Structures are given as C-alpha cells and as structure tokens.
Amino acid sequence: MRCDSEIPGLIENLLAEQGSMTPVVRFSRAHDRHELAAGSRYRDLIPLSLPRTGQQFAFEVDLDKCSGCKACVTACHTLNGLDEGEAWRETGLLVSDDWRNPFQQVVTTACHHCVAPACLTGCPVLAYEKDPLTGIVRHLDDQCIGCQYCIFTCPYEVPKYSASRGIVRKCDMCSNRLHAGEAPACVQACPNEAIRITVVANDATAACFLPASPDPAITQPTTRYISRHPLPGSLKASDRETLRPQPAHWPLVFMLVLTQMSAGLYLFAFAFQTVLPLNIFQFELYTGLICLLAGLAASVLHLGRPRGAWRAFLGLRRSWLSREIVVFGLHLAFAIGYTFSANVVLGLLTATTALAGLFCSAMIYHHTRREYWALAMTGPKFFGTTLLLGSVTHLAGLTCLGATGDAPRFLFLLCAGVAPCAFFIKLAAEERVMCALVKDDFSQLHKTALLLSGRFGLLRRIRVACGFAGGVCFPALLALHGLPAGHGPDSSSRFGLVAAGILFCLAGELIERHLFFVAAQPTKMPG
C-alpha cells in the first residue's frame with residue numbers, strides 16, 4: 001500500500017510527464033504562424049531538384065521514428081478524397097516470435113513506385129505510366145476499365161478498386177504537390193517526420209526493404225526502410241496467421257467455366273467431324289457457340305467500365321489479359337464461321353485458338369505469382385474442365401439424339417472413359433494443395449489449405465460429390481445401359497439422366513472455380 005508521503009512525488013512526476021513535449025505538441029508548435037512565416041519546414045523532407053538519369057523519387061521511412069499514429073493514413077485519405085474504407089497508405093506491425101529477443105516494429109506502407117511495376121505490365125489498356133523524370137508510377141483514371149487485374153499482379157496489393165467509380169486507384173506520391181514544391185500529404189502529416197521523399201538509384205532499390213514482405217526482386221520496390229538498429233531476422237507480420245477469403249469474382253467464374261466448356265465441345269467436334277452424324281455434329285457446334293457467347297458476356301460484367309473494353313488490345317505486348325482477350329476475339333470469329341459452314345480450315349483455326357485461349361487464361365493467373373495459381377496447379381484444372389465438360393456434353397448428344405452405328409458407339413465409349421479420367425486429373429490438381437497443411441508455416445499454400453479444409457470445407461466436399469456424380473457416375477450409368485445403341489431406358493428417363501449428369505458436372509466446376517478465387521492467399525505487406 002502506497003504511503004501518503006509518496007503521493008505528492010507521484011503527482012509531480014505525472015504533471016512533469018504531461019508537460020513534456022510529445023510528438024503532437026512539437027508538431028503543433030512547429031506550425032506556429034511565426035515559424036511558417038520564416039519558410040516552409042517541409043522543404044527539408046522533399047528533394048529540391050529532379051532525379052538524375054538512373055535515379056527516381058522514392059519514399060523513405062525512418063522506422064525509429066514511426067509510432068503508428070496513423071496520421072499519414074488520415075491525411076492521405078482526406079487530401080485525396082478517398083471513399084469510405086479505401087486507403088492508399090496503411091500501417092502494420094512486425095513482431096519477433098523468438099522469446100529470447102522480443103521485438104516489435106510499426107511500419108507504414110503505400111505504393112512503392114517500383115522500378116519494374118507489375119501493375120503497369122499487367123494492365124490491358126495501358127492505364128499506368130511510369131514518369132520518366134521522377135519514376136512515379138501513376139494510374140490514369142480515364143483509361144481504366146475496372147478489370148482489377150493490376151490488383152492481382154501487384155505483390156503488395158497496392159491498387160484499390162472503387163466500386164462507386166468502377167475503376168482502380170492508387171497512390172501517386174501526391175505528384176501535383178511535389179510539382180508545386182510541397183510535401184505529399186503523408187509526409188506533411190507525420191508528427192515525427194518519419195516519412196520523407198528521397199532520391200534512389202534504379203539499380204539498387206531492394207537493399208533496404210522490409211522482412212516478412214513479398215520478394216522485392218519481383219518488382220524492385222523503391223521504398224527505403226531505415227533504422228539505426230538492425231532488425232532481427234526472426235521478424236514476422238503480426239497478422240500473418242489471419243485467413244482472408246478473397247473476392248469471389250463470379251463473372252470470372254462463369255466466364256472461365258463456360259469458355260472452357262465451349263473449347264471442349266469444339267475440340268471434340270473438330271476431332272471427330274468426319275465420323276459424327278450430322279445432327280450430333282451440329283448439336284456440338286451450336287452448344288459450343290452458345291457457351292462461348294455466354295462466357296464472354298459474363299466476362300464483360302466483371303468490368304467496372306465495360307464500354308472501354310474495346311481498348312483491351314493496347315497491352316498486347318506485355319499483358320496476358322490483353323492476349324487472352326485478343327485470342328478469344330479471334331476464337332469467336334472462327335467459331336461463328338465454323339459453326340455455320342463446317343469448313344475444315346475454320347475448324348482447325350477454331351480448335352487452335354481455343355487451346356491458345358486456355359493457355360492465356362492459365363498464364364493470367366500464373367503471372368500473379370500466387371502459389372495457388374501457379375501454372376502447375378492452374379493448367380491441369382483449366383484443361384481438365386475442358387475435357388470433362390466437353391466429353392460429358394458429347395455423351396449427352398450421342399445419348400439424346402439417338403446415334404447408332406460403330407463409329408458413334410466407339411465415340412461413346414471413348415468419351416465415357418475420358419470423362420472420369422479428366423475428373424480424377426482435376427481432383428488430383430485440386431487436392432495437391434492440401435499437402436501444405438503439414439507445413440504449419442502460414443505460407444500462401446498453407447493458408448489456402450486451411451481455408452479449404454476449414455471455412456470452405458463443406459463446399460469443397462460438395463464440389464467433389466458433384467464432380468464424381470457428373471464425371472464418373474453419369475458416364476458409368478450410360479455405359480451400363482448400353483447407350484447409344486438403343487437398348488437404354490425410355491426417352492424421358494434418358495433425358496432426365498442426361499440433364500442430371502450435365503447439371504452435376506457444371507455445378508461441380510462452378511464450385512471449384514469459386515474456390516479457386518476465394519481461397520487464393522497472396523503474400524502481403526504487414527498490416
């Protein structure tokens with residue numbers, strides 16, 4: 001119990017502590033009108049001249065001064081007029097999991113204005129530019145079509161989608177203020193002067209980057225994090241164990257599944273054009289065209305500004321999304337011609353562009369460097385969907401249109417064997433990620449596996465059940481009934497069986513593609 005004689009000393013200490021100059025008090029006094037009249041103090045926090053050749057502007061963050069007050073976050077949000085919940089600068093926390101060396105460090109992050117920005121190379125409409133004089137990476141709002149692909153490609157998830165505007169936006173280092181000789185909002189708002197603008201060399205930008213963050217070799221970020229004390233090697237992001245389901249992107253779910261179903265139908269139709277009965281051949285062509293048109297229409301619904309989609313060819317030289325759009329545009333033209341003419345040359349072009357489109361679709365996600373979207377996992381899924389839905393729909397045509405003869409029977413047995421093989425190939429590719437559960441390192445794949453086995457566990461089991469019913473049980477039942485030789489069930493039962501098989505297959509593929517988006521976990525900056 002504290003003695004009465006100690007109370008006056010305690011009160012004096014508390015009063016003395018309150019009277020000391022906190023960062024906020026120092027910040028307030030620094031803005032006294034007499035000091036401002038003498039000149040701007042923020043000129044010391046920005047370069048007074050443009051960078052030389054081989055140099056560019058960059059943020060410099062003094063970790064020893066950053067207190068995590070979020071004044072920079074508030075100032076950035078207010079000055080740039082951001083939407084509610086939108087932030088171009090954020091704060092995070094690094095912690096050490098070594099009990100022998102406890103440590104924590106607050107960090108503030110924004111766009112790193114990389115030497116090789118992935119947002120710029122991924123954009124299909126050239127809505128990004130890197131200023132040749134300052135190195136600042138700007139987003140051109142009037143060019144953006146809201147495809148959000150730059151959010152996928154940026155390893156730091158810097159671009160933010162504004163649903164109200166239908167476009168993506170990001171930090172531009174308050175370039176208009178810099179041009180006028182004023183400090184950016186975050187620099188001016190920091191009471192500790194922990195943020196400043198500096199000049200760095202373009203060939204040595206990754207040396208002073210943060211631990212527990214994406215590999216700086218990917219885009220060569222220019223932000224420099226400095227400290228007088230070396231950071232412990234055991235630092236981890238405080239939120240590294242947080243599981244964050246990603247947006248579902250339903251238009252892309254339907255686009256991928258339907259275009260791959262269409263590709264499967266056109267591949268089967270072209271491969272067996274000479275032996276297929278005319279009615280079945282036409283059924284596959286028209287069904288493939290309908291699926292293709294529906295898939296491409298669904299993709300347009302994903303755009304915030306669909307009217308500008310015609311400009312997507314501008315990024316053909318460097319963007320996989322541009323390449324996919326151009327290839328599918330050619331594929332649509334060839335598919336229409338092939339459907340209404342059955343010309344063999346057009347059939348070859350249709351099949352070739354279908355395969356090229358599938359490859360471009362897989363590369364779009366592989367290019368994001370998310371481990372769950374790597375080509376080794378995405379490729380078998382996409383091509384497996386093509387084979388599965390193509391073979392099952394081919395079986396449906398052979399069954400419902402009353403094909404007879406040796407050639408249709410051979411094709412029937414072939415598709416009845418291809419469908420289960422495609423399903424099990426896909427299932428192996430999907431379940432491969434579950435091996436990461438044993439790692440317990442909270443890597444990208446480990447967190448994806450945790451989501452698929454936990455929050456999305458039931459949905460994942462429903463997906464397997466639907467795929468097994470449509471891709472394995474449906475072909476087996478048709479084969480047991482002896483279809484399509486005319487020894488099967490009556491017409492109503494036949495159509496019911498076929499409809500159930502296709503619906504189960506489609507449901508399984510749509511669920512799989514939904515999980516493909518929501519379970520992908522990117523490596524991100526702390527915070």
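Any value given below was found using the heavy atoms of this structure, including those in side chains, with hydrogens, waters and symmetry copies removed. Bear in mind the structure is a predicted one, so any value in this text is a computation, not a measurement. The first residue in the sequence is number 1, and the count goes up from there.
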#### Entry: Test item: Ile46 and Pro184 side chains (from C-beta on) under 4.5 Å apart, heavy atoms
yes

### Summary
side-chain hydrogen bond (donor to acceptor under 3.5 Å, both in side chains) with Ser361: of His366, Gln260, Glu324, only one passes, and it is Glu324

## Note on the structure
Taken to the nearest 0.5 Å, the spacing of Glu86 CD from Arg169 CZ works out to 4.0 Å

### Check: Phe152 ring centroid to His249 ring centroid under 6.0 Å
yes

### Query
Quick one: are Phe59 and Arg89 in side-chain contact, heavy atoms under 4.5 Å?
yes

### Task
Answer yes or no: is there a donor N or O on one side and an acceptor on the other, between the side chain of Thr153 and the main chain of Cys150, under 3.5 Å?
yes

### Message
Within this structure, what is the CG-CZ distance for the pair Leu445 and Arg370, rounded to the nearest 0.5 Å?
### Response
12.5 Å

### Task
Without swapping roles, check the side chain of Thr386 against the backbone of Phe382 for a donor-acceptor pair under 3.5 Å.
yes

### Task
Could you tell me whether Lys524 and Asp239 make a salt bridge, using a distance below 4.0 angstrom between a side-chain N and a carboxylate O?
yes

### Task
Would you give the length of the straight line joining atom CG of Asp172 to atom CG of Asp141, rounded to the nearest 0.5 angstrom?
9.0 Å

### Task
With the side chain counted from C-beta on, respond yes when His367 and Thr121 share a heavy-atom pair under 4.5 Å apart, and no when they do not.
yes

### Task
Begin with the C-alpha distance, continue with both residues' side-chain angles, and end with the deciding distance and a verdict on side chain to side chain contact (heavy atoms under 4.5 Å, CB included) for Thr198 and Phe57.
CA-CA 6 Å; Thr198 187; Phe57 287 152; over 6 Å; no

#### Entry: Side-chain touch Gln56/Val115, heavy atoms, less than 4.5 angstrom
yes

### Task
Verify, without hydrogens or angle tests, whether Tyr149 (side chain) and Ile364 (backbone) share a donor-acceptor contact under 3.5 angstrom.
yes

### Message
Which residue in the set Glu430, Glu512, Glu431 passes salt bridge (charged side-chain N to carboxylate O under 4.0 Å, His left out) when paired with Arg460?
### Response
Glu431

### Query
Which atoms form the tightest heavy-atom contact between Gly467 and Phe423, and what is the distance?
C-CE1, 3.3 Å

### Query
Any cation-pi pair here, Lys426 with Phe516, using under 6.0 Å and within 45°?
no

### Task
Would you mind reporting whether Thr368 and Trp320 have side-chain heavy atoms less than 4.5 Å apart?
no

### Message
Quick one: does any side-chain atom of Ser227 pair with a main-chain N or O of Leu63 as donor and acceptor, under 3.5 Å?
### Response
no

### Query
So, for Phe517 and Leu252, which heavy atoms are closest and what is the spacing to 0.1 Å?
CZ-CB, 3.7 Å

### Query
ring-ring contact (aromatic ring centres under 6.0 Å, His included) with Phe442: which residues, sequence neighbours excluded?
His446

### Query
Taking the side chain from Thr378 and the backbone from Leu375, do they hold a donor-acceptor pair closer than 3.5 Å?
no

### N-O pairing of Glu509 and Arg463 below 4.0 Å
yes

### Message
Check whether Arg138 reaches the backbone of Lys170 with its side chain - one donor and one acceptor, N or O, closer than 3.5 Å.
### Response
no

### Query
Knowing that exactly one of Leu93, Leu210, Leu235 qualifies, which makes a side-chain contact (heavy atoms from CB on, under 4.5 Å) with Val107?
Leu210

### Task
Begin from the C-alpha positions of Met255 and Arg513 and carry the test side chain to side chain contact (heavy atoms under 4.5 Å, CB included) through to its verdict.
CA-CA 10 Å; Met255 175 263 177; Arg513 210 50 48 87; over 6 Å; no

### Message
Restricting to salt bridge (Lys or Arg N to Asp or Glu O under 4.0 Å), what partner residues turn up for Arg165, sequence neighbours left out?
### Response
Asp83

### Message
Distance check, rounded to the nearest 0.5 Å: Ile167 atom CD1 versus Gln148 atom CD?
### Response
11.5 Å

### Whether His113 side chain and Gly135 backbone form a donor-acceptor pair below 3.5 Å
no

### Under 3.5 Å donor-acceptor, Lys447 side chain and Arg240 backbone
yes

### Query
Can you name the nearest heavy-atom pair linking Asn192 to Ser67, along with the distance?
ND2-OG, 3.5 Å

### Message
Any side-chain to backbone donor/acceptor pair from Ser319 onto Leu316? Under 3.5 Å, distance only.
### Response
no

### Message
Do Leu120 and Arg318 have side chains that approach each other closer than 4.5 Å (heavy atoms only, starting at C-beta)?
### Response
yes

### Gap separating the CG atom of Leu79 from the OG1 atom of Thr74, nearest 0.5 angstrom
12.5 Å

### His331 and Phe328 aromatic ring geometry - parallel, tilted or perpendicular at 30°/60° bounds
perpendicular

### Query
If every non-hydrogen atom of His514 is compared with every non-hydrogen atom of Leu459, which pair is closest and at what distance?
CD2-CD2, 3.5 Å

### Query
Taking C-beta and beyond as the side chain, do Thr223 and Thr109 meet within less than 4.5 Å on heavy atoms?
no

### Message
Using 0.5 Å steps for rounding, measure from the CZ atom of Phe103 to the CG atom of Leu94.
### Response
8.5 Å

### Query
Any idea which heavy atoms bring Cys186 and Cys72 closest together, and the distance?
CB-CB, 3.7 Å

### Query
Do Thr134 and Ser175 pass the side chain to side chain contact (heavy atoms under 4.5 Å, CB included) test, and can you show the C-alpha distance, the side-chain angles, and the key distance before you say yes or no?
CA-CA 9 Å; Thr134 63; Ser175 55; over 6 Å; no

### Message
Minimum heavy-atom separation for Tyr156 and Pro216, please, with both atom names.
### Response
OH-CA, 3.7 Å

### Query
More than 12 heavy atoms of other residues, nucleotides or ligands under 6.0 Å from NZ of Lys130: is that the case?
yes

### Query
Would you say the side-chain atoms of Gln521 and Thr448 include a donor-acceptor pair closer than 3.5 Å?
no

### Message
Is it the case that the side chain of Asp441 and the backbone of Ser443 share a donor-acceptor pair, with hydrogens and angles ignored and the cut-off at 3.5 Å?
### Response
yes

### Query
Are the side chains of Arg311 and Gln143 in touch, meaning some heavy atoms are under 4.5 Å apart?
yes

### Task
Tell me whether the centres of the aromatic rings in Trp250 and His302 are closer together than 6.0 Å.
no

### Message
Using side chain to side chain contact (heavy atoms under 4.5 Å, CB included), reason through Thr219 and His112 one step at a time and then give a plain yes or no.
### Response
CA-CA 9 Å; Thr219 60; His112 301 298; over 6 Å; no

